[in-house]
Amino acid sequence: MMDEMTFYPTHDFGPIMKGLVIGGLGIFHVFLAQFAIGGGMLMAYFQWLAQSGRDPGGTLRKFIDDYFKLLVLVSFVVGALTGVGMWFTSIQISPHTIGMMVQEFHWLWATEWTFFCVEVIAGYAFYRYGKQLPDAMRMRLLVTYAIASWFSLFWINGILSWQLTPGQWTETRDVWDGFFNPSFWPSLIYRTIVCLVIASLAACTLVNAIGFTAQQRREIIQRASRFLLPMIAMPVLGVWYLQVIPADSRQWVMGGSIAMTLFMNVAAGASALIASYAWIALWWQRLTINGATASMLLALAFVASAGGEFVREGSRKPYTIRQALYSNSITPERVAHLRQVGSITGDPYPVLSDVPFPTEQLRQGAQVFRVQCSVCHTPAGVNGIVHLAGSWTADQRRMNIAKLQHTKPFMPPFAGPATEVEALVQWIAWWNAGRPAQWAETTDETVLKSISAWLDSAGVEPGGHHR
Amino acid sequence: MNGIFPFGYEPATAWYLVLYLATLLLHMVLMSYVIAGSFWLVVARMRTWNSTEQREAKQTPITSVDILSDWMPFALGGAITAGVAPLLFVQILYQEQFYTANLLLFHRWMSILPVLIVGFYLLYIQKAQWSATKKKTGSVRRLSLATHVLVSVVAIACFGFVGYSWTENHLLGNQSNDVWSRFYGERRLFFFDGQVIPRLGIWFCGTFPTMLLILAGQRWLLRARESANPDGLTADEAVRKNNSLDVWQPDQMIMSWVGMVALAFVWIFVVWYGWGLTEQEQAAVFAAGVLPYWAVAVLGSVIQMGGWWRFKDQPMVDLRWITIMGVGLVLMMIGGLVLRELLRVSHVELEQWQQSHQKSAAVGGIYVFFVFLLLNIGVVIWCLRGVVKSKT
């Protein structure tokens, strides 16, 4: 007998799609976190240069102290709190997903926390006492900070990459099979390079804002820009990553889904521009870079990160955890059961509406939307279901929803009986008609039989190539 | 629960509860420093409103206000970092309750994050502003001081909102499905019941003895450093050093009295809170197996009271008593945290609750966690020792 489904009270974000909320915050957090990680490595490198006699004027030491101040003031505050914000936002958007992630990986997440503590303590110690410390001690703190911050990436990368490519974990349920999953290594190395890039571009921007001479700025920029050179490995890592992700996900980012393809190309294009500038202008031609150009490159890096994160999030569809949990928090095993008992059976939370429902069927339709659709769709805002299905006839809506996983392969199978399909269809039609005060309830048995037949023919398995 | 906490529970549940409470204790210590410290700063600065330049020159260069201002941002960063671990374990222990409360409070709950960001930056501003204020005189100084106090007051409001929200979240998570349904249906964003005020009272008053003990430790360290290098002092510094204990004595008296009064109020709020407990909650916190934790909490309070009383007429607390009072503080917190947790557990369906923990405990990675925990504690000690040695 199947356990009862846990229902949570869900909210909408007005016209904004929930994925945008979590994506928006995620991009911001990831960018700052990667800045913090790369910054540690860059500063450790600069410190090594300084203490090995390559900084006679003390330029690098001064720069390290100023850069670290920025790192602490920005990343330790906003970066850390947006990290907590990711947890809270994930709870708001998909409590089942974050619940499963915490369940499976809490010991590794706790391990990450220990490294986070080291990072914060070493970082603050350097920020506070760095100027008074001898070189060896400065190096100790910077290296400790760099290693600890990189390890926090190591642990979280395993957990996040597991969502798309759980690998052997699907059969074994072993934490290490899930952690060291197929996309773990390409994404870890790729992200490490991204950390170096962001840190380097931040350094190039910052150096123009501090009172260094032109010669000093040139020196720092030349050295910082070395951290851009590993970008040359990104195409190889990108290809490796594409090879290991599921075939359907790969298909979407390579043309199957225009939105995903666009984000992918934006990320790749922005990265290519930065890499070209780094290799040609900064390394080969030894040019320097002013604040405006550096800021623009940093903004491009942000755009590249944003594109990449959207692709990573979007390419998971129809799952949030591959083969374990669909985006709407329904497990694949539960679909057949919900086709019998209904997806809204046992949902204790009333349906909220600013407009009263003329019929009970419409209220049920709204509830079905909330449980099965609202995680990715709004009624009539971004990715609005009314826009997507508004021009369809009633029968098209019935069939397309009943066979959802074949309508669009990145959609999960509809997890409810024919009555719920019909309720959702009526609710879409009602919205499309401007939510009038009067609406007829549909009780045609022939219609329900057709829907049942479509549901049966679609089956409960996902559509597309799912492995 | 049968037996003494946590032994009355299944091993997996007991384990998670211990980890949760241990990490929460660490968070509470740092959080107390920030909350009580922010209040202390506002009051202490307002007391310097009429200070003359001449009077200030005679004072030791470093006061309690200087220490608190300086360390506040780090303490908040530490509190947030330390808070991540209990946040993780609470999701294992009370997943449905915690997530539901989060969801019900919606964007009001989410707003604690931008509020914390604002509060965090305000602490940095107050640190910089305080340094600037000390160098000013006359009406310019007063304006700077007023700005400084305003910044601190807004920071307190930020942290107060966060503390209130966490209390609300906790209490809302303890409610039944019916209450949750109704809360959601009514589109409420605030949950208020009779337990909010005494709970907040216990938390708030409890932050003061914690902060004051840490401050006492910081003052001791400062004094120890000053005494360690007498030859390095100029004549002015030597005079200030000789005067510093005299200057510190009134501060110590205020600290001691505030510590004692705050401890007394903690227990007043505990009694108030106890008055409003349901039968089920009363049974949970007054069971035989729980009495040792009451004893521990009381003992811890008595030890601290004794320490503050002893040192109310001294310029500072000595190291031995800082340690003794520290033990007392930890005992009081352990007792308080266990009792708090038992109240929460009294609202869950025990068997089902413990089964979910057994499932969680079956997941791998625990040995890796403990290995890296010990390793990273070692790394932190290695770094901090290196810093201390390098500075001396």
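A, B, ... follow the sequence lines: proteins, then strands. Residue 1 opens every chain.
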Quiz item: Checking side chain to side chain contact (heavy atoms under 4.5 Å, CB included) against B:Arg385, which of B:Ile381, B:Val387, B:Val388 comes through?
Solution: B:Ile381

Practice problem: Output the option from B:Val368, B:Val84, B:Thr81 having the highest count of non-hydrogen pairs under 4.5 Å with chain A. | Solution: B:Thr81

Quiz item: Using non-hydrogen atoms only, which part of B:Pro114 is less than 4.5 Å away from chain A: side chain, backbone, both, or neither?
Solution: neither

Exercise. Could you look at B:Ser356 and say if it's the side chain, the backbone, both or neither that has a heavy atom under 4.5 Å from chain A?
Key: backbone

Quiz item: Looking only at side chains, do A:Asp135 and A:Gln47 share a donor and an acceptor under 3.5 Å apart?
Solution: yes

Quiz item: Got a donor-acceptor contact below 3.5 angstrom from the B:Tyr184 side chain to the B:Leu103 backbone?
Solution: no

Practice problem: For A:Trp162 and A:Glu104, test the side chains for any donor-to-acceptor distance below 3.5 angstrom and give the result as yes or no. | Solution: no

Quiz item: So which part of B:Asp70 gets closer than 4.5 Å to some heavy atom of chain A, the side chain, the backbone, both or neither?
Solution: both

Quiz item: Can the ring centres of A:Tyr124 and A:Phe76 be said to be less than 6.0 Å apart?
Solution: yes

Quiz prompt | Residue part contacting chain A, namely of B:Leu88, when any heavy atom lies under 4.5 Å | solution = both

Quiz item: Which residue out of B:Phe372, B:Phe120, B:Phe106 racks up the most heavy-atom pairs below 4.5 Å with chain A?
Solution: B:Phe106

Quiz prompt | Segment of A:Phe179 engaging chain B (4.5 angstrom heavy-atom cut-off) | solution = neither

Practice problem: Kindly say whether the aromatic ring centers of A:Phe184 and A:Phe154 come within a distance under 6.0 Å. | Solution: yes

Quiz item: Checking heavy atoms, do the side chain of B:Ile112, its backbone, both or neither come under 4.5 Å from chain A?
Solution: side chain

Quiz item: Sub-3.5 Å donor-acceptor pair from the side chain of A:His96 to the main-chain atoms of A:Thr6, do we have one?
Solution: yes

Quiz item: Side chain, backbone, both or neither: which part of A:Arg128 has a heavy atom under 4.5 Å from chain B?
Solution: side chain

Self-check item: Under 4.5 Å from any heavy atom of chain A - which part of B:Val380
Solution: side chain

Quiz item: Which residue out of A:Val84, A:Thr10, A:Val351, A:Val72 racks up the most heavy-atom pairs below 4.5 Å with chain B?
Solution: A:Thr10

Quiz item: Contact part of B:Ala362 toward chain A, heavy-atom cut-off under 4.5 Å: side chain, backbone, both or neither?
Solution: neither

Quiz item: Can the ring centres of A:Phe7 and A:Tyr349 be said to be less than 6.0 Å apart?
Solution: no

Quiz item: So which part of B:Leu76 gets closer than 4.5 Å to some heavy atom of chain A, the side chain, the backbone, both or neither?
Solution: neither

Self-check item: Side chain, backbone, both or neither of B:Phe98 within contact of chain A (heavy atoms, under 4.5 Å)
Solution: side chain

Self-check item: Region of A:Ser90 that comes under 4.5 Å of a non-hydrogen atom in chain B
Solution: neither

Exercise. Check each atom of A:Trp109 against the heavy atoms of chain B and say whether the ones under 4.5 Å are side chain, backbone, both or neither.
Key: both

Quiz prompt | Which portion of A:Tyr129 sits near chain B, non-hydrogen atoms under 4.5 angstrom | solution = side chain

Quiz item: Side chain, backbone, both or neither: which part of B:Leu375 has a heavy atom under 4.5 Å from chain A?
Solution: neither

Exercise. For chain B, find which of A:Trp176, A:Phe116, A:Trp87 contributes the most heavy-atom pairs closer than 4.5 angstrom.
Key: A:Trp87

Exercise. With the side chain counted from C-beta on, respond yes when A:Leu20 and A:Phe13 share a heavy-atom pair under 4.5 Å apart, and no when they do not.
Key: no

Self-check item: Check against side chain to side chain contact (heavy atoms under 4.5 Å, CB included), A:Tyr8 and B:Trp180
Solution: CA-CA 10 Å; A:Tyr8 285 108; B:Trp180 290 343; over 6 Å; no

Practice problem: Return the option, out of B:Leu373, B:Ile92, B:Leu19, with the maximum number of heavy-atom pairs under 4.5 Å with chain A. | Solution: B:Ile92

Quiz prompt | Distance, nearest 0.5 Å, that separates OG of B:Ser165 from CZ of B:Phe191 | solution = 13.5 Å

Quiz item: Side chain, backbone, both or neither: which part of B:Tyr124 has an atom under 4.5 Å from a heavy atom of chain A?
Solution: side chain

Quiz item: Who among B:Gly78, B:Gly77, B:Ala82 has the most heavy-atom pairs with chain A under 4.5 Å?
Solution: B:Ala82

Quiz item: Any donor-acceptor pair under 3.5 Å linking the side chain of A:Arg140 with the backbone of B:Trp382?
Solution: yes

Quiz item: Is there a donor in the side chain of A:Glu112 and an acceptor in the side chain of A:Ser152, or the other way round, less than 3.5 Å apart?
Solution: no

Exercise. Determine the option with the most heavy-atom pairs under 4.5 angstrom with chain A, choosing from B:Gly365, B:Ser360, B:Gly83.
Key: B:Ser360

Quiz item: Are the side chains of B:Phe159 and B:Leu123 in touch, meaning some heavy atoms are under 4.5 Å apart?
Solution: yes

Quiz item: At a heavy-atom separation under 4.5 Å, does B:Trp109 approach chain A through its side chain, its backbone, both, or neither?
Solution: side chain

Practice problem: Indicate, with yes or no, if the rings of B:Trp353 and B:His357 have centres closer together than 6.0 Å. | Solution: yes

Practice problem: Between chain B and each of A:Asp174, A:Thr82, A:Leu352, count heavy-atom pairs under 4.5 Å; write down the option with the most. | Solution: A:Leu352

Practice problem: Name the region of B:Phe89, side chain, backbone, both or neither, that has any atom closer than 4.5 Å to a heavy atom of chain A. | Solution: side chain

Exercise. Output yes when a side-chain donor or acceptor of B:Ser69 lies under 3.5 Å from a complementary backbone atom of B:Asp66, and no otherwise.
Key: no

Exercise. Give the member of A:Ala80, A:Pro348, A:Gly99 that has the highest number of heavy-atom pairs under 4.5 Å with chain B.
Key: A:Gly99

Quiz item: Is there a donor-acceptor pair under 3.5 Å between the side chain of A:Ser329 and the backbone N or O of A:Leu325?
Solution: no

Practice problem: Sort B:Arg187 into side chain, backbone, both or neither according to what part of it lies under 4.5 angstrom from a heavy atom of chain A. | Solution: side chain

Quiz item: Who among B:Val379, B:Thr100, B:Asn177 has the most heavy-atom pairs with chain A under 4.5 Å?
Solution: B:Thr100

Practice problem: Without swapping roles, check the side chain of B:Gln91 against the backbone of B:Leu87 for a donor-acceptor pair under 3.5 Å. | Solution: yes

Quiz item: Counting heavy-atom pairs under 4.5 Å to chain B, which of A:Ala125, A:Gly85, A:Gly83 comes out on top?
Solution: A:Gly85

Quiz prompt | Top contributor to chain B contacts, counting heavy-atom pairs under 4.5 Å, from A:Leu141, A:Val120, A:Ile91, A:Leu108 | solution = A:Ile91

